[in-house]
There are 4 protein chains.
Amino acid sequence: MSFNTFGHLFRVTTWGESHGPALGATVDGCPPGIALTESDLQPFLDKRKPGQNKFTTQRREEDVVRILSGTYEGRTTGTPIQLMIENTDQRSKDYGDIAQKFRPGHADITYHQKYGLRDPRGGGRSSARETAARVAAGGVARKVLAQLAPDVQIIGYMVQMGPHGIDRTRFDWAQIDQNPFWTPDAQAAADWAVYLNDLRRDHNSVGAIVEVTARGVPAGLGAPLYAKLDSDLASAMMSINAVKGVEIGEGMAAAALTGVANADEIRMGPEGPEFLSNHAGGILGGISTGQDVVVRFSVKPTSSILTPRQTITVSGQEVDLITKGRHDPCVGIRAVPVGEAMMACVVLDHLLLDRGQTGGVRGQIG
Amino acid sequence: MSFNTFGHLFRVTTWGESHGPALGATVDGCPPGIALTESDLQPFLDKRKPGQNKFTTQRREEDVVRILSGTYEGRTTGTPIQLMIENTDQRSKDYGDIAQKFRPGHADITYHQKYGLRDPRGGGRSSARETAARVAAGGVARKVLAQLAPDVQIIGYMVQMGPHGIDRTRFDWAQIDQNPFWTPDAQAAADWAVYLNDLRRDHNSVGAIVEVTARGVPAGLGAPLYAKLDSDLASAMMSINAVKGVEIGEGMAAAALTGVANADEIRMGPEGPEFLSNHAGGILGGISTGQDVVVRFSVKPTSSILTPRQTITVSGQEVDLITKGRHDPCVGIRAVPVGEAMMACVVLDHLLLDRGQTGGVRGQIG
Amino acid sequence: MSFNTFGHLFRVTTWGESHGPALGATVDGCPPGIALTESDLQPFLDKRKPGQNKFTTQRREEDVVRILSGTYEGRTTGTPIQLMIENTDQRSKDYGDIAQKFRPGHADITYHQKYGLRDPRGGGRSSARETAARVAAGGVARKVLAQLAPDVQIIGYMVQMGPHGIDRTRFDWAQIDQNPFWTPDAQAAADWAVYLNDLRRDHNSVGAIVEVTARGVPAGLGAPLYAKLDSDLASAMMSINAVKGVEIGEGMAAAALTGVANADEIRMGPEGPEFLSNHAGGILGGISTGQDVVVRFSVKPTSSILTPRQTITVSGQEVDLITKGRHDPCVGIRAVPVGEAMMACVVLDHLLLDRGQTGGVRGQIG
Amino acid sequence: MSFNTFGHLFRVTTWGESHGPALGATVDGCPPGIALTESDLQPFLDKRKPGQNKFTTQRREEDVVRILSGTYEGRTTGTPIQLMIENTDQRSKDYGDIAQKFRPGHADITYHQKYGLRDPRGGGRSSARETAARVAAGGVARKVLAQLAPDVQIIGYMVQMGPHGIDRTRFDWAQIDQNPFWTPDAQAAADWAVYLNDLRRDHNSVGAIVEVTARGVPAGLGAPLYAKLDSDLASAMMSINAVKGVEIGEGMAAAALTGVANADEIRMGPEGPEFLSNHAGGILGGISTGQDVVVRFSVKPTSSILTPRQTITVSGQEVDLITKGRHDPCVGIRAVPVGEAMMACVVLDHLLLDRGQTGGVRGQIG
C-alpha cells in the first residue's frame, strides 16, 4: 500500500513526481500562531537545490516553494499547510531510453512489478526530487521548534564519502557551511573534491554517510517501545531514497562494546544530571536523555551511471544499459539537508506527543 | 506519547511489565480461517525463553502462552487474538536497590524524567521480557504466511559478538540450530563460548549483531516512500530493546561502494528476472525484488552489570552502582528469535497491504 | 479489515468474545501518575452488568475487572494498561441451535459471509458483552478527566423506549439513578416497566434512544474537519453494537429549523461568552463551545427473540428460527453506561490532542 | 489536533481555505492502472458548483480540478494523486465585517478560542468550499469502484427540506436529476421551490435531510466493531460541514420498532440469500449484507443570514450581526454530491481493506 504520510501529530504527506507539473507536502497538525512565510522555507530548499556546484546534478530547478493554505496574515492557523514546488526544468526526453529498461540498483523494476506501470520520467515518484517536499516541511518544523523549544539546534554533515571517513580530531562545526560537502573536516573536503572528480570522470558514483545532530532536545521525548524516538528516527531516515542503514549513537559499533565501556556514567551537574559520555546518542529506552541526539545514515551510490551495466527490458530482453541524464555522482551530499528536515519533523512530532500525554511536566531529580 | 502498536493491517499491540501479573500481545487484523493453537506458538517462545543455558539469564519463566480470544475450534476468526503470558518467577526483591538509582545506559532515568515514576521491578516495561509478546505475535504471523505465502522462510542468526564477527566462508545454515548462539559459523560458536565466559566472570557484558534473512518473499511488497518495506523493517528492529543500528543489504557499508560495484545486475532466468548480486538486501525503492530480504541490527551490551559504575539517585546523590539480579551477559543471543518475529510481522503486514491495493497482481516482464 | 482500536492519543483496543476465556481492553497513551486501582473501575462495570433486574438478561457474570499492566503502586505509569474480565458463566449449550442458522437482524450472516466462519457461542465477537471492555476503559478515562479537567461530568440516560419518549418538562437529573431504565422522567420509568413486561411476555423486544451529556467540557476541544469532536463522537457511538443513528444537539431535527431559529445567540457573561440556547449540542465547526456536549443514539431492538422468524441455514435451507437463551428485551438499557464510557474516551482523547497541538492555550475574548 | 485525513487504505487528505490561492485533496493508496483524467472528475465538481441556480450561493467559482501527480499517460500509478482547485472568485471584502464578530451558529467563535486566530475570509477552513476537494476525491473513488466493483451505484438525493419531507410513494429515481434539489419527488421539488423562495426573501435559511444509497455493494465489507462500515459512514458524514445527525437504515426510528418488526427475514434466492426487508440499511454487525446501503444525514440551516442576531465581538462587546455575502439559503442542496463522494470513499476503502484481510473470498451459503 502506498502510505505517503509521516508523523503522529505533526503529519507530513508528500506528493508528486520528478517530472509532473509540481510536487509538494501537506503539513497537518501544525500548532497555530507561528509566524511563517515562504521566505522562512526558501533557504532550506536552496541548500538542497541541484546545480549549485559541479558535484551535484546539473538539472536546474528553481525550487520555489509556495504556501497555498494554512496561514493567514503570516501566521499559521492550525489548519493544513500546503507547500507546493513547481517543476520547471522537465527535460524528460533524457529519460526515453530507460522507459523500457530497468536500471540495476534502481526502483524501476520493483515499481513495474508492483504497479504494472510507472512514470519513467526522472524516476517518477522514486526520484530524489521528492526530498524537496521533505525539506520544505522540515522548514515548517524548524519554525515551530524555534518557538516551542528555542534551544533545539539541528545540524547535518557528511562524515564519510566512499571509503574515506573524516578525522574526528579535525571536527570543526564552523567548517560545515564552508565546503560543498557539508563536512566539518576541511581536509576531508579537499580530498573528497579530488576523489569525486575522478569518479565522475570514470563515469562512476559513490556512497556516503551523513550524520545529523540535534542539540538542546529536552529530556523526556519519545516513548518506550513502538514509537520510540529512535525507531521513529530510523523509520524517518530509512524512508529517504537510497538510504541503506541507520545508526543511533554508537550504532552498529555498539556490538563491539562491553557493558563497562558502553555505560554512559552519570554525575550531578548544576542544572541536573550530566552524562560523562554519549554512546547512547542521546536516547535511552526510546526516550531522549537531554544529551545531543546523534543519528547517522548511509546513502548508497547513485544507480544512474554512464558505465554500462547488464540488465533486462520490460519485454525480458537482456541488454547493457548506460544511463544518460543529469545525475549526482554522490547523492549523499544533497541528503544532508534532507536528514536535517527529517530530524526536525521527528523531534517536533515527539515534542507535541509528549505535551499531549504528560503536559510537558518532568520527573524531578534532586 | 506511548504508542504500543506496530503494523498497518496486521497490527500487534503489546502490553505488560516484567514483574506484573502477565504480559501479552493483541493481534488485530489477522486473516480468518488460519489453523492456530497454542502449540503453534510455544516453540517460538521456548526458543526465546531465559535460563536455557549458561549464556542467558537464569531467571526461570515458563513463558506459557495462552490464546484468550480470536480463535474458534482451532481456527482464526478474523477478530482480535489475545496472547497472554503469565509472569511466574517474579523475584522482585532483587531489584530493591535500583528503585532509587539509575543504571547507566539503561532507560531508568528517561522513564523517570518523562513519567515522573516507573515500575522498577525488573525494568518494568523496558524489560526485554516484553519481547516474549513479540515472539508470540510473530508466531501468528508465521502461521498466516505459511498459508498465504508458503515459500517464505525466515531465519535469524548472530553474525558478531563483541568485536568478533563470523567468517562468511564458513557460513552453514544447518549450524544455526546447533549452538547456543544461533550462529551459522561453528568455529565462531566455539570461540564465543570462551570469550563470553571470560566476560561474565569479569562482571561484564557485550554487544552483538544479529542478521535476519527472509527467503521466498515475493517481488512487489512494500511502497515507495514512507511505508517502504525497509523503513518499516528499520522501525521494527529499532523498536526492540537495546538495538542501536539497522542495516538493509550492504547497510552502512553501502557508503564505501561505487555505483559500478553496487549495481545488482539483472539477467533473465527461466522464471523471470534474476539478479547477479544482492547488495540491495532484496529491496529497491522500498519494494521487495524477490531476492532474499536481509536485515542486520546491533544490540548493545546489557547495562545491568556487576562492575560498579558511577551514577546518581532519584534525590540527586552521586553513587556507584553494582546491578545484581539475573542478567544476560549478551542479550543479543535472545534477540535472534525476536528479530525473526519482527520480520515475520512486517512481511505479512506488507503482503496484506499489497493485496489490498493491487490485488496481488504483478506487472509482467517478458 | 478488523480494526479494534479507538482513539487518536488515548487509544483503546478491545478483544475477546462472549464465551471465550476472557475479554478485555488495552488502554494505550494514558497520562502517567493518575491514581488507579480496580476499585475505581468496578462500579462502572457493575452498572452495566447483566442480571441486575428483570429487564436485563439473566446471564450471571460477575464482570470482575483486573488490571494486568500499566500501574505501579496504584498509579498509572504511562505504559499500556491491560484490563481483563474473565467470562465465568459460559453456558454455551444454549447456542447450539444457532450455530447453523442465521438470526434475522443479527451479524451471524455477515460474519459468516466475510470470514467464512464465526464463533457462534453467544454471538462471539458481536456480543454486547464486548461493551464490558469499553466500560472498563471508560472508567480509566474518567479517572484521568477527574484530574486534568475536574469540571467534566458525564451522564447518560434513556429518553425513549419503543415509541414512548420522555416528557422533557419532567426531566430530573436526580431521578436517573433511581430506576432500572436510567431515565430522568419518573413517570416514563413507571410506564416503561409495564410496557416492557408486556413485550417480554409476548416474546418480543424493543429499541430505545439514549442521550449522553458531558458538562464542563472546556471550549476548544476538537478539530475542524476529519477529527471533529462530533465526527469522532458519531464514530464512537455508531461503533456500539445495535446502534443505528447518532445525533449531536438538534440532530436530525436540525433539518426542520430555520437559520433564525437555529442561531445560538451569544451574550457576554461574567466569565466569558454565554450562549442563549444550545441547538448546536455544544459543538460548532467540530470544536467544543464550552456548553454541554449533547449526543443521542438509537439502539435497535434485540434480534434474539422467542417469536419465530423466517431465515436460512448455512447450507441454504429455509427455516423458522426461535432464539432461545438469555437476552435483553431492551438492550438499550445497558447501552447507557456504554455511551457514557465512549463519551469519556472521546473527550479525554481530544483534551490530550488539544494539549498537544495548542498547549491548551485559548484565544482571548474580551 | 488538526487531522485532515480520512480513510484507512484509500486515504484522502484535504487542504485549503475558502479564500486562499487554492484548495485540494491528496489521494493516497489508490490502486494502480486505473484510467483517470481531469474529465472524469469535472462532472462531479460541476454538480456541486455554486451559482448554478437561484437556490445556491451566487459566488462564481469555476471549480476546475487539476491532477498534479499520481497519473502517467492517463492511468493511476499507485502513488499520491494531488487534486488542486484554484480559487478564482475571492471577493473577500464581503467578509470584513465578520472578522471581529462571531456569527451565531458558526465555527467563528470556536476557531478563535482554540487557535487564537482564524482566517475570516469566507469562513476560511470551515467554509463549505472545502467540500469541493471531497467531491474531487470521491470522483477518483468512483473510477476505481467502476473497475473493481462495477455493480456499485451511488446516488444521493434530498428527502426533506425544513419540515417538509418527501412522499415515499412518489419516489422516482429518474426525477433526481430533473430538479434543482436532487429530490426523487417531483411534487416536493415544486413545493420546496416556493418555500425556499419565501425563506430567502425573509432573510432566512433552512435545514435539510439528504439520503445516499449505494446499490450493488457486495456482502462482507466492513468489520465488527471500531471500523464498522456504519461507524466509518457515520464519521464520514458527520465530518461534512453543518451535519448534525447520521442514520443507517431505520436510524433513529429503530428505537420505536419491536424485534419482531425489525427482523429483516431471510429467504433463499437463486443467487443466494435474499432479505424480505431492509430495516438494517444494508449493514449488520458493521458488515455489508449485499442489500442497498442506506445512509441519511441532516444538514443544519446556514448560519450566515441577513436577519440580525445577537452576538459578541472578539473584544467582548455585545452587538447585533447581519451577515452579508453570498450564502446558500439551504446548504443541504449542495451537500448531495458531497454525501455521494463520502459514500464512494468509504465503500472503496472497505473494499480494499476486505481484499487485504480476506482476499475477497466469501463464506459459502447453500
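Labels below follow one simple rule: chain letters A, B, ... track the order of the sequence lines, proteins then strands, and each chain is numbered from 1.
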Problem set entry | Proximal component of Arg125(B), with respect to chain C [non-hydrogen, under 4.5 Å] | side chain
For this session: Considering non-hydrogen atoms only, spot the tightest contact between Gly24(C) and Ala133(C) and give its length.
Result: O-CB, 3.3 Å
Problem set entry | Residue of the set Thr311(B), Ile109(B), Leu321(B) for which side-chain contact (heavy atoms from CB on, under 4.5 Å) holds with Arg103(B) |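 Of the listed residues Thr311(B), Ile109(B), Leu321(B), the side-chain contact (heavy atoms from CB on, under 4.5 Å) partner of Arg103(B) is Leu321(B).
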Exercise. Among Thr77(C), Thr13(C), Ile67(C), which residue forms the greatest number of heavy-atom pairs with chain B at distances under 4.5 Å?
Worked result: Thr77(C)
Problem set entry | Heavy-atom contact with chain B under 4.5 Å, split by part of His8(C) | backbone
Exercise. Hey, are the side chains of Arg355(C) and Leu148(C) touching, using non-hydrogen atoms and a 4.5 Å cut-off?
Worked result: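 Answer yes - side chains close enough.
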Exercise. Do Ser69(B) side-chain atoms and Glu17(C) backbone N/O form a donor-acceptor pair below 3.5 Å?
Worked result: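 It does not hold such a pair.
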